[in-house]
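Here the structure is laid out as structure tokens; the discussion comes afterwards.
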Amino acid sequence: MEHPSQTKQKQVRLVDVSIPYYQTLLLSGGAGCVAWCVTHPFEMWKNVAMTAAPGTSQLDMLRGVQQRGFYRGFSTGVLRQMVYATSRLGFYPKIREGVVGAQYRLGWKSTTDVTKATLFDRALSGFLAGIIATLFSSPVDVCLVLQTTNAQRQPLLQVARTVFQTSGVTGFWRGYPPLALRSAVSGASQVGVHDHLLTRFRAYNGGLVDPNNSEKMKDAKVSPFLLSTLIKLKGTTPFHDNTLINVASGLTAILTATMTMPLEFARVQISIETRKPKGTPRRFTGVVQCLRTIVREEGIRRIYVSFLPFLCKYCVFISTVVFCLGV
């Protein structure tokens, strides 16, 4: 009879199983939709905070969200994830393979093994995946912003009709530059950095199990000093994989939210103006002009007024997606 520990060692994570590419796309979109079920209220909170009058407390903002409904525009948010998450998370592995493969053909790398990809390789792959995904999801993004910031509840088709009547087809891509840049930075920090952190954390975890395997440690580029310090603090009992996922997700969320908050603020402000009739002067014409105007008139704190819900959204979303994908 096998010992329980032996049985446990034979368990295989989903990430180690090779599946057809179309299943990768389906899983990516499904994970995004499941994660959105628990993060949509934070999206509502964030958008209400961005459009609230200066000086409004977070408690009053939450009351405003409650009055509008925590899940207003939820179906549009899910539709966005079906497009955005499927594209970004689904394209990322292929783009990463292409980035590593291109460097191998140029003689910059000695292998095409994606597990040996550097932080730069993963960040670049996430950056490109974010730009491509945003190109497809921008129309739904614009409608989602209008739904969640409008005082009155409006169905998706009505909002889409309003955008088309006031701004034409191009209105669905109004605010695309900050959205694309935000998604690119988010893809680099959220997908690429998380991938790198989790890979490194698991390498150190393997070092706790077998600290004497020098070849394995060298191959994983694990620092002997950090590993020995971790063993002194923790012993040789490895961390549970869920702990590693949560730590990587939390660190990634802080980095992503901090870097993309100004771009997200500009995107929402520019998207809101699509409801203005044709010919009406627009207050914001671009990312830099929008941020410069806000900082000059209301101060830089105005841009980060919705940082708390934005950070919470990323923490919950990243952890949920990773757990759903089993990576």
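In this structure a side-chain-to-backbone donor-acceptor pair under 3.5 Å is missing from Trp108 to Val100. No donor-acceptor pair closer than 3.5 Å links the side chain of Tyr314 to the backbone N or O of Leu255. Looking only at distances, a side-chain donor or acceptor of Thr56 sits under 3.5 Å from a matching main-chain atom of Ala53. Side chain of Arg174 to backbone of Glu273: no donor-acceptor contact under 3.5 angstrom is found. In this structure a side-chain-to-backbone donor-acceptor pair under 3.5 Å is present from Thr51 to Val48. For the pair Thr148 (side chain) and Val145 (backbone), a donor-acceptor distance under 3.5 Å is present. The main-chain N or O of Phe172 is found under 3.5 Å from a side-chain atom of Ser138 such that the two form a donor-acceptor pair. Listed for the Arg68 side chain is a donor-acceptor partner under 3.5 Å among the backbone atoms of Thr149.
Under the 4.5 Å side-chain criterion, counting only non-hydrogen atoms from C-beta, His40 is in contact with Leu144. Taking 4.5 Å as the limit, every side-chain heavy atom of Phe120 sits out of range of all side-chain heavy atoms of Val99. Considering only heavy atoms from C-beta on, Arg267 stays 4.5 Å or farther from Leu263 through its side chain. Side-chain atoms of Phe70 and Met44, non-hydrogen and from C-beta on, never get closer than 4.5 Å to each other. Inter-residue side-chain proximity for Val193 and Arg122 is flagged as unmet; no heavy-atom pair is nearer than 4.5 Å. For the pair Tyr304 and Pro262, the minimum side-chain heavy-atom distance is below 4.5 Å. Side chains of Arg63 and Asp60 form a contact here, defined as non-hydrogen atoms less than 4.5 Å apart. Within the 4.5 Å cutoff, no side-chain heavy atoms of Tyr176 are placed close to those of Val142.
Taken to the nearest 0.5 Å, the CD1 atom of Ile318 stands 6.0 Å off from the OG atom of Ser249. Between the OG1 atom of Thr86 and the CG atom of Leu25 there is a distance of 7.0 Å, given to the nearest 0.5 Å. Here CD1 of Ile245 is found 12.5 Å from CG of Leu197. Values are rounded to the nearest 0.5 Å. We find the CD1-CZ distance between Ile294 and Arg301 to be 15.0 Å, quoted to the nearest 0.5 Å. Taking NZ from Lys46 and OG1 from Thr39, the interatomic distance works out to 10.0 Å, rounded to the nearest 0.5 Å. Distance check, rounded to the nearest 0.5 Å: CZ of Arg282 to SG of Cys290 gives 13.5 Å.
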Q: Could you go through the salt bridge (charged side-chain N to carboxylate O under 4.0 Å, His left out) check for Arg96 and Asp121 one step at a time?
A: CA-CA 7 Å; Arg96 183 181 58 186; Asp121 298 333; over 6 Å; no
Q: Would you check, one step at a time, whether the test side chain to side chain contact (heavy atoms under 4.5 Å, CB included) holds for Arg88 with Ser183?
A: CA-CA 9 Å; Arg88 189 178 67 164; Ser183 297; 5.9 Å; no
Q) How far apart are the C-alpha atoms of Met61 and Val65, what are their side-chain angles, what is the distance that settles it, and do they pass the side chain to side chain contact (heavy atoms under 4.5 Å, CB included) test? A) CA-CA 6 Å; Met61 293 175 190; Val65 176; 5.6 Å; no
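The list of side-chain hydrogen bond (donor to acceptor under 3.5 Å, both in side chains) pairs with a residue in residues 153-172, not counting sequence neighbours, reads Asn150-Gln154.
Side chain to side chain, Ser137 and Asp141 meet the donor-acceptor criterion of an N or O pair below 3.5 Å. In this model, no donor atom of one side chain and acceptor atom of the other lie less than 3.5 Å apart for Thr243 and Asn246.
At a threshold of 4.5 Å between side-chain heavy atoms, the hydrophobic network of Ile, Leu, Val, Met, Phe, Trp and Tyr places Tyr92 and Ile132 in two separate groups. In the hydrophobic clustering of this structure, Val159 does not group with Met50; members are Ile, Leu, Val, Met, Phe, Trp, Tyr whose side-chain heavy atoms approach within less than 4.5 Å, directly or through other members. Val83 and Leu156 fall into different hydrophobic clusters, defined by Ile, Leu, Val, Met, Phe, Trp and Tyr side-chain heavy atoms under 4.5 Å apart, directly or through other members. Cluster annotation: Phe317 and Tyr71 are assigned to the same hydrophobic cluster (Ile/Leu/Val/Met/Phe/Trp/Tyr, side-chain heavy-atom contacts under 4.5 Å, transitive). In this structure, Val316 is a member of the same hydrophobic cluster as Leu89, with clusters built from ILVMFWY side-chain heavy atoms closer than 4.5 Å.
Taking all atoms of both residues into account, the shortest heavy-atom contact from Val287 to Ala266 is CG1-CB, 4.1 Å. Scanning both residues, Lys109 and Tyr104, for their nearest heavy atoms gives O-CD1, 3.4 Å. The minimum heavy-atom distance between Ile270 and Pro178, with the atom names listed, is CD1-CG, 4.1 Å. Nearest heavy atom pair, residue Phe284 against residue Gln289, reads CA-OE1, 3.1 Å. When all heavy atoms are compared, the tightest approach of Glu298 to Pro54 is OE1-CG, 3.6 Å. Minimum interatomic distance between Phe310 and Met261 (heavy atoms only, all atoms of both residues): CD2-SD, 3.5 Å.
Taking the six-membered ring where tryptophan is involved, the planes of Phe136 and Phe91 are perpendicular, since the angle between them exceeds 60° and thus also 30°.
By the neighbour-count criterion of 12 heavy atoms within 6.0 Å, atom CZ of Phe201 is densely surrounded, having more than that number from other residues, nucleotides or ligands. Under a cut-off of 6.0 angstrom, the local environment of CG in Leu135 is crowded, with over 12 non-hydrogen atoms contributed by other residues, nucleotides or ligands.
Other residues sharing the hydrophobic cluster of Val34, ordered by chain and number and joined by side-chain separations under 4.5 Å: none, the residue standing alone. Counting Ile, Leu, Val, Met, Phe, Trp and Tyr side chains that sit under 4.5 Å apart, directly or through other members, Tyr84 stands alone, with no cluster partners.
In this structure, Glu297 does not pair ionically with Arg302, as no charged nitrogen and carboxylate oxygen lie closer than 4.0 Å. Between Glu43 and Arg80 no salt bridge is recorded (no basic side-chain N to carboxylate O distance below 4.0 Å).
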